[in-house]
Amino acid sequence: ILLFFIITVPVKALDTSDKVHDNADLLTDYEEEQLQKLAEEYIAKYEMDLVIVTTLYNDGKGTDLYAMDFYDDNGFGIGDTHDGILFLIDRTYGYNDTYMVTTGHAILVYDDARIDNILDDIYNVKDYGYYSMFETFISSSSSYAELGVAPSNEDMYIDENGDYRQKRMFPWLGAIIASLAIPSIVVGIFIAKNKMVKKETRAAAYLNQNSINYSRKEDR
């Protein structure tokens with residue numbers, strides 16, 4: 001009977017238009033509404049999704065895996081590569097365990113250094129309450145989104161599957177060196193094989209001494 005209900009009862013999916021999921025009840029309704037507006041402004045401006053999540057139980061997955069599964073399993077993200085970010089506060093063990101997820105194009109914008117800076121900004125306002133932490137997450141993330149792709153990721157790209165890849169750069173330096181070295185080697189070989197005429201300043205060098213007979217005549 002239990003198996004029957006598990007199979008037949010549909011599971012209610014999350015509404016992906018709702019960007020604030022305060023399952024740990026850390027925010028007031030008004031604070032959730034304000035954060036929802038800020039998230040929508042971020043999404044409209046930078047074309048990346050933004051999700052805020054709190055939980056009292058991470059299903060035994062750990063904070064990082066829970067955050068990634070929450071994003072993926074509920075269909076968040078914009079475009080085919082599901083561009084976006086998620087910030088989680090996990091209260092499973094009674095303290096604030098935080099994690100930030102990046103997917104798609106957001107991976108290029110938020111490298112490890114930028115993520116660390118965002119988390120530091122959030123930590124610095126923790127004494128002002130949870131709303132301040134989430135508001136700082138959005139504002140700090142927006143400032144980096146404004147800068148675009150992080151310098152450390154300029155040679156990287158996101159493929160059609162959303163995977164992080166390195167660009168294939170044309171070896172310009174090697175091509176220039178080869179274009180100069182190869183002709184130089186070829187010309188050097190021809191020069192070595194060629195018996196070049198050397199400049200001579202002595203007249204005797206141009207005469208065949210055996211072809212000339214000298215005679216002497218004296219008049220008295």
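We're numbering straight along the sequence, starting at 1.
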[atom1]/[X] to [atom2]/[Y] distance, rounded to the nearest 0.5 angstrom?
X: Leu35; Y: Ile52; atom1: CG; atom2: CD1; value: 4.5 Å
X: Asp155; Y: Leu108; atom1: CG; atom2: CG; value: 11.0 Å
X: Ile89; Y: Thr55; atom1: CD1; atom2: OG1; value: 11.5 Å
X: Asp111; Y: Asp116; atom1: CG; atom2: CG; value: 9.0 Å
X: Ile122; Y: Phe134; atom1: CD1; atom2: CZ; value: 8.5 Å
X: Ser143; Y: Asn117; atom1: OG; atom2: CG; value: 9.0 Å

Hey, is [atom1] on [X] packed in by over 12 heavy atoms from elsewhere, all under 6.0 Å?
X: Asp29; atom1: CG; value: no
X: Tyr123; atom1: OH; value: no
X: Glu47; atom1: CD; value: no
X: Asp112; atom1: CG; value: no

Checklist entry - Given the rule in the side chain to side chain contact (heavy atoms under 4.5 Å, CB included) test, do Leu147 and Arg114 qualify, once you have shown the distances and angles that lead to the verdict? => result CA-CA 11 Å; Leu147 296 176; Arg114 289 183 174 182; 3.8 Å; yes

Checklist entry - Given Tyr99 and Leu65, is the side chain to side chain contact (heavy atoms under 4.5 Å, CB included) satisfied, shown in steps? => result CA-CA 9 Å; Tyr99 194 80; Leu65 185 57; over 6 Å; no

Would you say that [X] contacts [Y] through its side chain, given a criterion of any heavy-atom pair below 4.5 Å between the two side chains?
X: Met48; Y: Tyr110; value: yes
X: Lys126; Y: Asn96; value: no
X: His21; Y: Asn74; value: no
X: Val101; Y: Leu88; value: no
X: Ile158; Y: Tyr164; value: yes
X: Thr103; Y: Met68; value: no

Please say yes or no: joined through hydrophobic side-chain contacts below 4.5 Å, possibly via intermediate residues, are [X] and [Y] part of one cluster?
X: Leu38; Y: Phe76; answer: no
X: Leu119; Y: Val53; answer: no
X: Phe70; Y: Ile115; answer: no
X: Phe87; Y: Tyr128; answer: yes
X: Val149; Y: Ile107; answer: yes

Measure from the side-chain N and O atoms of [X] to the backbone N and O of [Y], and report whether any donor-acceptor pair falls under 3.5 Å.
X: Arg91; Y: Thr54; answer: no
X: Glu160; Y: Asp80; answer: no
X: Ser141; Y: Ile138; answer: no
X: Asp59; Y: Tyr66; answer: no
X: Thr92; Y: Asn58; answer: yes
X: Tyr71; Y: His82; answer: yes
X: Lys19; Y: Asp49; answer: no
X: Thr16; Y: Gly75; answer: no
X: Asp22; Y: Leu27; answer: yes
X: Asn161; Y: Asp163; answer: no

Checklist entry - Can we say Lys45 and Glu146 salt-bridge, meaning some charged N sits less than 4.0 Å from an Asp/Glu carboxylate O? => result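 So Lys45 pairs with Glu146 through a salt bridge.
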
Shortest non-hydrogen contact between [X] and [Y], atoms and distance:
X: Lys61; Y: Asp64; result: O-OD1, 4.3 Å
X: Ala39; Y: Leu50; result: CB-CD2, 3.7 Å
X: Met100; Y: Ile85; result: CE-CG2, 4.1 Å
X: Gly84; Y: Ala106; result: O-CB, 3.3 Å
X: Leu86; Y: Ala67; result: CD2-CB, 3.9 Å
X: Val51; Y: Phe137; result: O-CE2, 4.4 Å

Checklist entry - For Glu32 and Gln36, does a side-chain donor sit closer than 3.5 Å to a side-chain acceptor? => result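 No donor-acceptor contact under 3.5 Å links the two side chains.
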
Next on the checklist: Is it true that Tyr46 and Asp83 share a donor-acceptor pair across their side chains at a distance under 3.5 Å?
Outcome noted: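 Judged by distance alone, the side chains do not pair up.
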
